[in-house]
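Predicted model only: the values in this text are computed from it and were never measured. Position 1 is the first residue of the sequence; numbering continues from there. Indexing begins at 1, ligand by ligand and atom by atom, following the structure's order.
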Amino acid sequence: MSFDVHIIGGGLAGSEAAWQLAEAGLRVRLSEMRGGGGSTPAHETDRLAEMVCSNSFRSDDAEHNAVGLLHQEMRALGSLVMRAADKHRVPAGSALAVDREAFAAEVTRMIERHPNVEVVREQVDALTDHPTIIATGPLTGSMLAEAIATETGQDALAFFDAIAPIVHRDSIDMDVAWMAARWDKGGKDYINCPLDKPQYEDFVAALIEGEKMPFHDWEKDTPYFEGCMPIEVMAERGPETLRYGPMKGVGLDNPRTGRWPYAVVQLRQDNALGTLWNMVGFQTKLKHGEQVRIFRTISGLENAEFARLGGIHRNSFINSPKLLDGELRLKSKPNIRFAGQITGCEGYVESAAVGLVVARFTAARLRGERLPPPPPETALGALLAHITGGADAETFQPMNVNFGLMPPLPERFRKADRKKAYTDRAREALSRWLEPVNEPA
Ligand SMILES: Cc1cc2nc3c(=O)[nH]c(=O)nc-3n(C[C@H](O)[C@H](O)[C@H](O)COP(=O)(O)OP(=O)(O)OC[C@H]3O[C@@H](n4cnc5c(N)ncnc54)[C@H](O)[C@@H]3O)c2cc1C
């Protein structure tokens with residue numbers, strides 16, 4: 001069959017993109033290497049949209065949770081992934097968990113039966129000039145990764161994420177923390193949280209004792225360490241290592257004491273909106289619960305809300321804020337688009353959502369039209385805006401959807417009302433965007 005769009009990768013993003021394009025009347029070739037001799041270290045079947053780990057799409061609460069809101073938006077846009085998830089959901093409280101086998105079987109069946117899709121079980125190793133969506137995920141085949149690196153530049157494709165925790169700005173106690181740059185050089189660009197000697201010593205001990213996540217066997221031998229050493233590994237090297245590394249207090253006058261702190265935790269702005277702040281040098285393999293417990297012992301972060309916690313995993317992703325335009329097209333080769341986790345979103349739902357929106361953009365372009373991006377007040381629009389420019393390209397690391405990606409609320413809402421205010425605003429913005437989008441062509 002001749003085709004309009006080539007999708008490489010039949011995971012969460014590629015499957016959703018194939019469905020959206022096919023439903024828009026475009027012919028799709030969907031190349032998936034599983035079932036055609038290839039595989040990844042995490043997948044176990046040859047089904048499309050296989051969930052490689054947990055069977056959960058996380059919270060389904062569209063009123064108070066950003067991922068629940070994203071579910072709702074995707075349903076409104078006719079998402080196949082959401083339709084299959086809803087059909088095969090299993091009891092999980094307010095979360096949307098699914099029977100993973102039935103879910104993947106359903107997505108596979110729906111796509112294989114669609115007259116506009118040809119699923120080809122083949123590994124793709126090179127880029128062509130045909131309209132293409134690359135949705136090969138965190139474990140992209142090595143030859144294709146090589147081809148992407150050649151096109152984008154070697155340092156624009158990462159093979160590991162090394163994520164430091166990201167904190168919501170409005171949860172940092174600025175009566176304790178202060179804004180400054182070391183030696184007052186440049187602007188007062190960092191938030192500084194001070195630790196005195198006993199606090200620092202307890203903190204180092206807690207890092208060493210804290211429970212860690214193990215590496216998978218297939219991650220262990222990949223050389224990545226020196227550039228992004230986990231903070232607990234630094235702590236194990238000696239009690240002073242952190243104080244001479246990322247927790248160095250020199251050159252940082254604390255306006256409340258007039259002195260340099262014994263040690264410091266610095267946070268740097270992580271998105272253009274200034275709502276998210278990254279704990280500098282704090283990449284970690286500590287378990288998530290341990291991170292919250294230990295990092296909340298830092299002065300100024302006692303009530304910290306984390307937009308994401310730290311982690312280190314094998315993960316292929318490109319530097320999207322630098323490489324992609326607002327429609328997820330490669331600036332240097334606009335016929336090549338990216339979707340899913342390889343764009344630097346994180347998670348099953350986010351990956352499928354980016355697959356959905358890239359397909360909508362592609363379908364519009366092939367009809368000779370231009371689709372305006374979903375508004376940044378929506379979960380979909382906020383995620384897209386973050387990937388394609390809102391995030392800092394220098395420190396870009398994969399990100400889940402969260403309220404910190406949305407423009408701050410204009411008025412002062414009480415903390416208890418803020419989440420609902422975000423989702424109410426998002427629903428209104430989505431309806432306005434959907435009016436022309438859903439009009440028949
Ligand atoms: C070990 C592990 C555990 C994870 N656990 C979770 C979790 O619990 N919850 C969560 O939300 N997210 C989790 N993730 C993240 C998860 O991978 C993504 O959220 C999601 O699957 C990404 O969707 P995707 O479509 O971008 O990639 P994938 O779903 O991985 O799909 C990519 C597809 O491309 C195919 N492919 C790759 N290279 C080629 C090629 N050269 N030619 C043809 N086909 C190719 C692959 O076989 C695969 O089917 C985990 C990731 C890993 C690696």
Side-chain angles (χ1 to χ4, degrees), residues 6-19 29-59 67 70-71 80-81 85 95-98 100 103-104 107-108 111 119-128 132-148 159-161 163 213-219 222 288 308 311-318 320 328 337-356 358-359 383 387 398-401:
H6 186 195
I7 299 179
I8 311 174
L12 275 296
S15 300
E16 183 67 54
W19 179 257
R29 178 187 181 99
L30 175 59
S31 298
E32 168 51 56
M33 68 179 178
R34 291 178 291 115
S39 193
T40 80
H43 288 85
E44 289 180 352
T45 74
D46 63 5
R47 294 207 178 107
L48 303 178
E50 178 180 335
M51 299 165 81
V52 290
C53 186
S54 128
N55 68 331
S56 173
F57 285 102
R58 316 201 312 277
S59 173
V67 80
L70 188 56
H71 293 171
L80 173 64
V81 163
L96 173 56
V98 305
R100 75 175 70 229
F103 164 78
V107 173
T108 307
I111 290 191
V119 179
V120 184
R121 301 292 181 163
E122 63 179 359
Q123 179 166 321
V124 177
D125 293 332
L127 302 177
T128 67
T132 301
I133 296 173
I134 300 178
T136 44
L139 305 168
T140 293
S142 56
M143 302 271 279
L144 185 64
E146 190 83 16
I148 295 169
F159 291 96
F160 264 91
D161 53 35
I163 296 163
M213 295 287 290
F215 276 115
H216 293 282
D217 280 345
W218 41 272
E219 293 176 318
T222 311
H288 282 180
R308 73 158 306 156
I312 299 177
H313 315 95
R314 191 170 142 198
N315 190 0
S316 326
F317 63 99
I318 58 168
S320 296
L328 299 153
R337 295 165 166 89
F338 283 83
Q341 188 137 328
I342 196 165
T343 64
C345 67
E346 165 87 24
Y348 302 141
V349 185
E350 288 85 342
S351 295
V354 176
L356 187 158
V358 81
L383 184 64
I387 293 168
M399 179 65 100
N400 288 119
V401 70

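Remark: the backbone N or O of Val81 is paired with a side-chain donor or acceptor of Glu16 at under 3.5 angstrom. Here the side chain of Arg58 pairs no donor or acceptor atom with the backbone of Ala97 at under 3.5 angstrom. Checking side-chain atoms of Thr343 against main-chain N and O of Ala339 turns up no donor-acceptor pair under 3.5 Å.
Near Gln341, meaning under 4.0 Å from one of its heavy atoms, ligand 1 places the atoms 15 (C), 16 (C), 18 (C), 19 (O), 22 (C), 26 (O). Below 4.0 Å from some heavy atom of Gly340 lie the following atoms of ligand 1, by number and element: 26 (O). In summary, the atoms of ligand 1 found under 4.0 Å from a heavy atom of Ile8, numbered by their order in the structure, are 42 (N), 43 (C). For ligand 1, the atoms closer than 4.0 angstrom to any heavy atom of Gly141 are 37 (C), 38 (N). Each of the atoms 32 (C), 33 (C), 34 (O) of ligand 1 lies under 4.0 Å from some heavy atom of Ala135. Near Glu122, meaning under 4.0 Å from any of its heavy atoms, are these atoms of ligand 1: 43 (C). Heavy-atom contacts of Leu144 reach the following atoms of ligand 1: 41 (N) (cutoff under 4.0 Å). For ligand 1 and Ala13, the ligand atoms under 4.0 Å from any heavy atom of the residue are 25 (O).
Counting heavy atoms closer than 4.0 Å to ligand 1, residue Asn315 contributes nothing at all. Within the 4.0 Å heavy-atom criterion, the part of Thr40 lying near ligand 1 is the side chain and not the backbone.
In this model, no donor atom of one side chain and acceptor atom of the other lie less than 3.5 Å apart for Thr128 and His6.
If you take CD1 on Ile7 and CG on Leu30, they are separated by 5.5 Å, rounding to the nearest 0.5 Å. In this structure, His313 NE2 and Leu139 CG are separated by 11.5 Å, a value rounded to the nearest 0.5 Å. Ser320 OG to Leu328 CG: the interatomic distance, rounded to the nearest 0.5 Å, is 7.5 Å. Taking CD of Gln341 as the reference point, atom CG of Asp161 lies at 7.5 Å (rounded to 0.5 Å). Ile342 contributes atom CD1, which lies 9.0 Å from atom CG of Asn315 (distance to the nearest 0.5 angstrom).
Considering each of Gly35, Gly9, Ala352, Gly11, the one bringing a non-hydrogen atom nearest atom 28 (P) of ligand 1 is Gly11. By heavy-atom distance, the residue among Val52, Val349, Leu139 lying nearest atom 2 (C) of ligand 1 is Val52. In this structure, of Ser39, Ala42, Pro138, the residue bringing a heavy atom nearest to atom 17 (O) of ligand 1 is Pro138. Summarising the contacts of atom 47 (O) of ligand 1 with Glu16, His43, Glu32, Arg58, the nearest heavy atom is found in Glu32. The option from Gly355, Cys345, Cys53 that lies nearest to atom 3 (C) of ligand 1, judged by heavy atoms, is Cys53.
Here the protein heavy atom with the shortest distance to atom 19 (O) of ligand 1 is Gly347 C, 2.8 Å. Closest to atom 22 (C) of ligand 1 among all protein heavy atoms lies Ser351 OG, 3.3 Å. For atom 6 (C) of ligand 1, the nearest non-hydrogen atom of the protein is Tyr348 OH, 3.7 Å. Ranking protein heavy atoms by distance to atom 45 (C) of ligand 1, first place goes to Met33 CG, 3.6 Å. The shortest contact between atom 42 (N) of ligand 1 and any protein heavy atom is with Val124 N, 3.0 Å. Remark: minimum distance from atom 27 (O) of ligand 1 to any protein heavy atom is reached at Gly137 CA, 3.2 Å.
The shortest N/O to N/O separation between Gln123 and ligand 1 does not fall below 3.5 Å. Between Ser56 and ligand 1, not a single N/O pair is under 3.5 Å apart. Considering backbone and side-chain N/O atoms, Ser54 comes within less than 3.5 Å of an N/O atom of ligand 1. At under 3.5 Å, not a single nitrogen or oxygen of His216, backbone or side chain, sits near a nitrogen or oxygen of ligand 1.
Arg47 and Glu32 are not joined by a salt bridge, as no carboxylate oxygen comes within less than 4.0 angstrom of a charged side-chain nitrogen. By the 4.0 Å N-to-carboxylate-O rule, Arg100 lies too far from Glu44 to be salt-bridged with it.
In this structure, Phe57 has its ring center under 6.0 Å from that of Phe103.
Not a single heavy atom of Met51 sits under 4.0 Å from any atom of ligand 1.
Between Ala147 and Leu127, the shortest heavy-atom distance links the atoms O-CD1, 4.0 Å.
When side chains are defined from C-beta on, Leu80 counts as touching Val107, because their heavy atoms get closer than 4.5 Å.
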Under the criterion salt bridge (charged side-chain N to carboxylate O under 4.0 Å, His left out), I'd like the reasoning laid out for Glu122 against Arg34: C-alpha separation, chi angles, the key distance, then a yes or no.
CA-CA 7 Å; Glu122 63 179 359; Arg34 291 178 291 115; over 6 Å; no
